[in-house]
Number of protein chains: 2
Amino acid sequence: MDPRPSYDEKLLGILRASAAVFADKGYDRASIRDIAQATGVSLSGLYYYVSSKEELLFLIQDHCFGTLHHRLEELLVEVTDPGERVRVFIRNHLRFFLANQAEMKVLSHEADALSGEFAEQILRRKRSYARAAQEILEGIAPPDAVESRTATFALFGMMNWIYTWHREDVDPGADALSERITHLFLNGYLTPPPPERPGVTDGSAPSIWRS
Amino acid sequence: MDPRPSYDEKLLGILRASAAVFADKGYDRASIRDIAQATGVSLSGLYYYVSSKEELLFLIQDHCFGTLHHRLEELLVEVTDPGERVRVFIRNHLRFFLANQAEMKVLSHEADALSGEFAEQILRRKRSYARAAQEILEGIAPPDAVESRTATFALFGMMNWIYTWHREDVDPGADALSERITHLFLNGYLTPPPPERPGVTDGSAPSIWRS
DNA sequence: TTGGCGATCGAACGATCGTCCGAAACGCCC
DNA sequence: GGGCGTTTCGGACGATCGTTCGATCGCCAA
């Protein structure tokens, strides 16, 4: 391919290959030696590009999250209709999610693996993105709607859970999936609650474990 | 408390304490030494109750999943109305989830950590539970509804994602949360699609990373 | 040709991990 | 009180981990 890849291109290649390994084996079970083999670089050669395994995970998550949020803001600039903004948000998230499954799985699944300043930066990114999502949803919130925080994370759950079950050969692709999830969420969120929220019909106290 | 705990009671205590440690630090980052300390048993003393760390994880997942599914079937025996069966399913799942957060986080988050026969047994349990859920949803599926497989996992996503964001002091409790999620999902799933599914308004091909 | 610098590598180190072994302590029945 | 099965423990072993160090390679400028 590229006969003379630059330093940055090589780093991006390492990030991509590492994300695939992390997604496949999990961050902790994947050894630096696994990653070296997947990238075609020697074990110690990796440390020329990255100063630690944790920084490697951070770079994957930071780069992935930055791109996801950046693309969303680019798209939203020219969309003012509140309902359409929700649709654009869901479609952007799912398209990116399915086109970068390895990175997004690592981002969703290995959130607790970082510590210190690494963890804080990713946490800031996450909060910023979640706040943007919540504000988008509040743009269409009817009176008496479900709490916007609950609704936001319910929507994130629908979308971020996908990596655990989606199979390319039997399940809808990104755009069809966006339609389905937009349909499910939007009609649920926009439908007003019944006149009085019904109490729990089964009043038994929740005893927990099987006796 | 119990002055003379039996073997089984001690094992359950070990499972409970281990689940808390696994949920907090993650399966791989939690060492057997951490678990020994949390259980109050010595390092080698653990191996009198459990033959390996992997079996410990398996016992937690198997016991938790078995109880969850067992309780669901008990409740469903006396419920025939299709809509009410969906409500009972969601309420049972969420009540159990929030009452056993540590175990359910381990079950949701450490699915790939098992191997061999351990992994296969948990996979069978998971498939069985998911099939039950899908059949419950198919009981209320209107014509032209979202594919039941997609709807099932979207619902699971809403529910199983909770451990990543739910905070007891600001978010609704189990029963209120069940109401919200039942409302969101049911109205989404039961609402018929518009006469023709609208095409994607933004026809741009999804280029992936920031240039 | 040579000097120098970016890039790469093999080999090793210390730490931590899961697991195992032999002995000691405990509780119960004859 | 003596003997025996159950339960518990300290200490160690081998494997694997992330990381480091010093040497070497390749390429361009002088």
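Reminder, nothing fancy here: chain letters follow the sequence lines and each chain counts from 1.
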Is the ring pair A:Tyr189/A:Phe185 parallel, tilted or perpendicular, if the boundaries are 30 and 60 degrees? parallel
Close approaches to DNA chain C from residues 39-56 of chain A, in residue order (heavy atom, under 4.0 Å): A:Val41, A:Ser42, A:Ser44, A:Gly45, A:Tyr48, A:Tyr49
Classify A:Ala30 by what it touches in the nucleic acid, base, sugar-phosphate, or nothing, heavy-atom distance under 4.0 Å. sugar-phosphate
Report yes or no: is the cationic atom of B:Lys105 (NZ for Lys, CZ for Arg) under 6.0 Å from the centre of the six-membered ring of B:Phe22, at an angle within 45° of the ring normal? no
Using OP1 and OP2 only, check whether a side-chain N or O of A:Lys10 sits under 4.0 Å from C:dA7. no
When the distance from CZ of A:Arg29 to P of C:dT16 is rounded to whole Å, what number comes out? 21 Å
Within this structure, what is the NZ-to-C1' distance between A:Lys25 and D:dT16, rounded to whole angstrom? 12 Å
What is the distance from OH of B:Tyr7 to C1' of C:dG27, rounded to the nearest Å? 18 Å
Nearest whole Å is fine: how far is C:dT16 P from B:Asp34 CG? 12 Å
Rounded to whole Å, how long is the line connecting atom CD1 of A:Ile32 with atom P of C:dG14? 20 Å
What is the ring orientation for A:His109 with A:Tyr163, classed by angle as parallel under 30°, tilted 30 to 60°, or perpendicular over 60°? perpendicular
Hey, what's the ring geometry for A:Phe118 with A:Phe58, parallel, tilted or perpendicular (30° and 60° as the breaks)? parallel
For A:Gln37 and C:dC9, what is the distance between atoms CD and C1' respectively, to the nearest whole Å? 16 Å
Consider side chain to side chain contact (heavy atoms under 4.5 Å, CB included). Of A:Thr182, A:Leu177, A:Ile136, which one does A:Ile90 pass it with? A:Thr182
Interatomic distance where CG belongs to A:Asp8 and P belongs to C:dG6 [whole Å]: 15 Å
The single option from A:His69, A:His93, A:Gln134 that satisfies side chain to side chain donor-acceptor pair (under 3.5 Å) with A:Tyr129 is A:His93
